[in-house]
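So the structure is just underneath, and the comments pick up after that.
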Amino acid sequence: MDTYSPTEVEAKWQSRWDELGTNLFSRDDLATAEKPYFNLMMFPYPSAEGLHVGNIYAYTGADVWGRYQRLKGHDVFQPMGFDAFGIHSENYALKVGVNPNDLIPSNISNFTRQLRRIGAMFDWNHTVDTTDPNYYRWTQWVFLKLFEAGLVEKREAPVNWCPSCKTVVANEQVIQGLCERCDSAVEQRQIEQWFLKITNYAQRLLDGIENIDWSSRTLTAQNNWIGRSEGADIDFPIVGRDESIRVFTTRPDTICGATYMVLAPEHPLVDALTNDEQRETVEAYVEQAKRLDLKARQYVDRPKTGTWIGAYCENPITGAQMPVWVSDYVLIEYGTGAIMAVPGHDERDFEFASTFDLPIKRVIARDSSNNAGLMTEAYVGDGLLVNSGEFDGLSVAEGKRAIVQKLEANSLATGQVRYRLHDWCISRQRYWGPPIPIIYCDDCGAVPVPEADLPVLLPRLEQFKPDDSGDSPLARDTEWCSTACPECGGAGTRETDVSDTFLDSAWYFLRYPCTDTDEVALDVDMVKKWLPVNSYIGGHEHAVLHLLYARFVTMAFHDHGILDFAEPFEKFRAHGILSKEGRKISKSRGNVIIPDDLISEWGADTVRLYLMFLGPFEQGGDYQESGIRGPSSFLERLALSVAEASDGKGDEQVLQAMHRTIDKVSNDIEQLKYNTVISALMEYLNVVREGGRTCSKQELEPIIVMLAPFAPHLAEELWERLGHNSSIFESGLWPEADPELAKVETFEIGVQVNGKLRGSISVTADTSEDDAMTLARSNERVATHLDAGEVRKVIYVPGRILNVVVN
RNA sequence: GCGGACGUGGCGGAAUAGGCAGACGCAUCAGACUUAAAAUCUGACAAGAGACAAUCUUGUGUGGGUUCGAUUCCCACCGUCCGCACCA
């Protein structure tokens, strides 16, 4: 058919957009835009395989949003970049034996080609590539600013260590406790690493959730991840020593039910408190706990293990003596690394006590009927305090207050809020990342690299594989390592760890509007004009890490006077996941969809339209090979209609349907319900073409504008064929529904008798109940059912339903 | 285990301040056009009963409840998917 050839139309408009700079901003454009709208989407890791169909799904949905905003008259800035550093790229480079320095550029050019092909309106003048020294120079600058703000700290932390490869291995390289490469058991080791103190911002990050418009499941995930708990720190005096064990608990009300204490294996007091008889057992246990890799340690289903260390504590309320145990179910990184165990009211403690025959005591009763007898499981519900001496009869909430108050009076407790959130470890003992800009000097210690000396270039290493030295590969380049101390000018050595990829992506959105300058990281005026981001669309898998880190960096920069806003993304929406014929798409299943082939066969517009038609964008959809015919023939029919359209005025009935369609589409697109937007457009085209009628241009123009976000090339083409000579995206053409025309005058409503549909009548908005009943009676079928008994009640909801109760 | 989302024809999915279940599309079948095929157009398409007509009955995971009326609200259960995983 010569009315529509996707290949020609798409090539024509893509090159015209390039020629006219339709989607590009000059520095001046950025500075003078009147209605700035920053439409952001998560930048990809440029893999060697090329764009995944899931990427295309996400970017199309985000592009639809951007193009829609543009049709509403905004100046939409929609940049794209590449998150090319990181262990992903490095592992792949190792696998194929190519240096990542050589691999990344060709991957990026392939991605760029594919991204252009889907016809998204990216501003290719403002891209970022995290591996470009002109970018990571500023990533290092971000680190220095956080350092200045006192948010960087070096301390010991555990890493997974493979004793056979003699190297640090990342969590994702540990498969069921074994090293991915050599299958030997991985253990943990303590090494010095750099941390960003995100926990300083735990409460602020939590509070900020109130003021941002994000997908609720994303906010829930952040809320849970930050994990605020209110409770108390309580000191338990150690018997026979002038020292105590401090625990954190959210249930001080259950203190009288505490029957033993537990220390984490790494707790400093373990060694000090262990007596001679127990020493051998305890040391063996601690050693064994240490050998577990970081992942296996977190396995909940493992049976509880542990051993008594030969010491006792005194319960500060009851004065009872309680044995002190060591067990790996207590984690050193949370709270104080020690707990008071209340087996009667904590499931984990109950399991442990049952295993080791420790006493289980009830101190909370739901009511008087269950305060006696043997406990068969931990009771974690609400109730009243029992077996708690002077506190008996108090509710859980009252008990918490009363007990903490009493202990506070004796300086044995303080109210305490704790978070599960951990500080962000950014050290990676790897090659493919930005070197952390620190120089070690024997006299001055760890000194940050002066801003003027940035970037600290990542040297090209031919041997970038982690080796058995235990150090990062950069340590092998001794020439690179040795430098002068910036403070005293003496001999210095560079930090050889690189930073986490998440640091690259924690600030990239700030850089996009600033890429016209290499002088500074952030161009103050541009940042002021374009940020915070108006809309961010991306995968839900980044709900906690990336999205939290970006918020943290933004808040820290706000407090440090660099930014004048504290939240980076006003609005965030998580898109859904695409499946294929009901199954997850994955390489291992062998059901991947090759985007290039699909576009060659159907054209980018059809592919875009189909992907958006599959289901609600925020929920994802199921891709089925045959389904693409529908959207494809829809576009063809539309092109055909334009070719045949007359100049005359539109039919009144059709125009009414058109305004109802405009109304529905405008509502649904705001909610990202692209699937129903498309079905509404299809439905309208069916009305326009009904019975093979000839349509008019007036009936078609708005539908082409509304289709433009989904099928931009064809929309441009048809717009031109209808006699317009500027781009459809240039002048805020989004149609507005005329409420008078969109209004439905007469409509069919159902008539029910005893809740069962028996017919329908045609009414207007102001038809009275009596008139409706008369109309209903004139329907033979309804009348039969009405005559079966006596009318007891009539429910008439104008415009909705008429229901008659008869018996 | 905890948290979140969800369960509707052969399939993807519509419809929830409670009001005609199955929009739109795929697949399938029949017809028109065609020498033929493709494309296009027209029509049928939840299940069962029925003179295969009118019509009736059943039907939104299962079982209860509220209501004139429930896919939508409430309770219990079953199942699927996704997070987090011993956070005291």
Side-chain angles (χ1 to χ4, degrees), chain A residues 1 216-218 220-221 223-225 227-229 231 247-251 254 258 262 264 295 297-302 304 327-331 333-342 345-349 351-352 418-422 540-541 543-544 576-577 579 581-582 584 610 613-616 618-634 636-637 640 673 675-686 689 691-692 747-761 780-781 784 792-797 799-806:
Chain A
M1 185 189 303
S216 66
R217 58 185 181 140
T218 312
T220 306
N223 207 351
N224 294 340
W225 187 262
R228 178 189 157 105
S229 300
V247 306
F248 171 67
T249 178
T250 54
R251 296 295 304 273
T254 62
V262 189
K295 248 162 85 185
R297 173 76 185 269
Q298 296 171 342
Y299 236 64
V300 186
D301 295 339
R302 281 166 51 232
K304 296 275 181 287
S327 171
D328 66 6
Y329 84 93
V330 173
L331 309 173
E333 63 268 23
Y334 185 75
T336 60
I339 61 158
M340 65 173 201
V342 185
H345 305 284
D346 180 282
E347 284 164 17
R348 297 149 303 177
D349 297 346
E351 194 191 329
F352 189 84
R418 293 199 185 264
Y419 304 88
R420 319 172 39 158
L421 184 67
H422 289 45
H540 191 249
E541 68 274 18
V544 288
I577 305 282
S579 58
E581 262 105 41
K584 202 171 154 177
Y610 181 48
F613 183 60
L614 290 174
E618 291 183 79
Q619 277 163 52
D622 191 56
Y623 177 90
Q624 302 186 342
E625 202 79 54
S626 60
I628 198 165
R629 297 184 153 279
S632 168
S633 69
F634 167 70
E636 279 180 22
R637 285 200 305 277
L640 202 62
K673 286 156 95 178
N675 57 331
T676 55
V677 167
I678 295 165
S679 70
L681 295 176
M682 288 173 166
E683 216 170 335
Y684 175 62
L685 188 65
N686 289 344
R689 292 173 60 82
F747 29 87
E748 297 276 304
I749 66 165
V751 178
Q752 296 180 335
V753 178
N754 291 340
K756 281 189 179 145
L757 185 73
R758 298 300 179 183
S760 65
I761 54 174
E780 208 176 306
R781 209 179 132 204
T784 323
R792 295 284 176 197
K793 195 176 176 184
V794 176
I795 295 109
Y796 176 54
V797 186
R800 294 280 191 182
I801 199 87
L802 176 66
N803 187 16
V804 186
V805 186
V806 165

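Naming convention: chains lettered A, B, ... in sequence-line order (proteins, then strands); numbering from 1 in each chain. The figures that follow rest on heavy atoms only: side chains count, while hydrogens, waters and symmetry mates do not.
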Original post:
Any sub-3.5 Å donor-acceptor pair from A:N675's side-chain atoms to A:L614's backbone N or O?
Top reply: no

Original post:
Of the nucleotides B:rG12, B:rA23, B:rC86, which one has an atom closest to the side chain of A:L614?
Top reply: B:rG12

Subject >> Base orientation of B:rG22, syn vs anti, 90° cut from 0 >> reply: anti

Subject >> C1' gap between B:rA39 and B:rC52, integer Å >> reply: 35 Å

**OP:** Under 3.5 Å for both distances, Watson-Crick or G-U wobble, that's the pair rule; now give the dot-bracket for RNA chain B, with | marking pairs to another strand and [ ] for crossing ones.
**Re:** (((((((..(((......[....))).(((((.......))))).((((.....))))..(((((..]....))))))))))))....

**OP:** Give A:N686 one of three labels, base, sugar-phosphate or nothing, depending on what nucleic acid heavy atoms sit under 4.0 Å from its own.
**Re:** sugar-phosphate

Subject >> Any A:R629 side-chain nitrogen or oxygen under 4.0 Å from OP1 or OP2 of B:rA39 >> reply: yes

Original post:
When all nucleic acid strands are considered with a 4.0 Å heavy-atom cut-off, which category describes A:R420: base, sugar-phosphate, or nothing?
Top reply: base

Original post:
How is A:S229 classified with respect to the nucleic acid when contacts are heavy atoms under 4.0 Å: base, sugar-phosphate, or nothing?
Top reply: sugar-phosphate

Original post:
With a 4.0 Å cut-off on heavy atoms, is A:R228 in touch with a base, just the backbone sugar-phosphate, or nothing at all?
Top reply: nothing

Original post:
How would you label the contact of A:R637 with the nucleic acid (heavy atoms, under 4.0 Å): base, sugar-phosphate, or nothing?
Top reply: sugar-phosphate

Original post:
Between the base of B:rC86 and the side chain of A:K304, is there any donor-acceptor pair under 3.5 Å?
Top reply: yes

Original post:
Hey, does A:R781 reach any base, or is it just sugar-phosphate, or nothing, if we go heavy atoms under 4.0 Å?
Top reply: sugar-phosphate

Original post:
Going by heavy atoms in the side chains, are A:V751 and A:R758 under 4.5 Å from each other?
Top reply: no

**OP:** Could you tell me whether A:T249 contacts a base, only the sugar-phosphate backbone, or nothing, with contacts defined as non-hydrogen atoms closer than 4.0 Å?
**Re:** sugar-phosphate

Original post:
Nearest to the side chain of A:Y334 - B:rC24, B:rA88, B:rG13?
Top reply: B:rA88

Could you go over nucleotides 68-72 of chain B and give all protein N or O partners under 3.5 Å, atom names and distances?
{"residue": "B:rC68", "atom": "O2", "partner": "A:N803", "partner atom": "ND2", "Å": "2.4"}

Original post:
Does one side chain, of A:D349 or A:Y329, offer a donor that lies under 3.5 Å from an acceptor on the other?
Top reply: yes

**OP:** Check every strand shown and say whether A:I339 touches a base, only sugar-phosphate, or nothing at a heavy-atom separation below 4.0 Å.
**Re:** base

Original post:
Within the structure, does a side-chain N or O atom of A:K756 lie under 4.0 Å from either OP1 or OP2 of B:rA21?
Top reply: no

**OP:** Verify the neighbour count for atom CD of A:E780: are there more than 12 heavy atoms of other residues, nucleotides or ligands below 6.0 Å?
**Re:** no

**OP:** Would you kindly compare A:N224 and A:A338 by the position of their nearest RNA chain B nucleotide and give the one closer to the 5′ end?
**Re:** A:N224

Original post:
Are a donor atom and an acceptor atom from the side chains of A:Q624 and A:D622 found within less than 3.5 Å of each other?
Top reply: yes

Subject >> Closest-nucleotide ordering on RNA chain B, the 5'-leading residue of A:I749 and A:R689 >> reply: A:I749

Original post:
Do other residues, nucleotides or ligands put more than 12 heavy atoms under 6.0 Å from the CZ atom of A:R800?
Top reply: no

**OP:** Look at all strands and tell whether A:E748 reaches a base, only sugar-phosphate, or nothing, counting heavy atoms closer than 4.0 Å.
**Re:** base

**OP:** Report yes if some heavy atom in the side chain of A:Q752 is under 4.5 Å from a heavy atom in the side chain of A:L802; otherwise report no.
**Re:** no

**OP:** Choose from B:rA14, B:rG25, B:rA88 the nucleotide whose nearest atom is closest to any side-chain atom of A:L331.
**Re:** B:rA88

Original post:
Heavy atoms under 4.0 Å, any strand shown: does A:Y419 hit a base, just sugar-phosphate, or nothing?
Top reply: nothing

Original post:
Between B:rU66 and B:rU80, how far is it from one P atom to the other, in whole Å?
Top reply: 31 Å

Subject >> Heavy-atom side-chain proximity of A:F352 to A:D346 below 4.5 angstrom >> reply: no

Original post:
Considering only side-chain heavy atoms of A:R758, which listed nucleotide, B:rC11, B:rA88, B:rU57, is closest?
Top reply: B:rU57

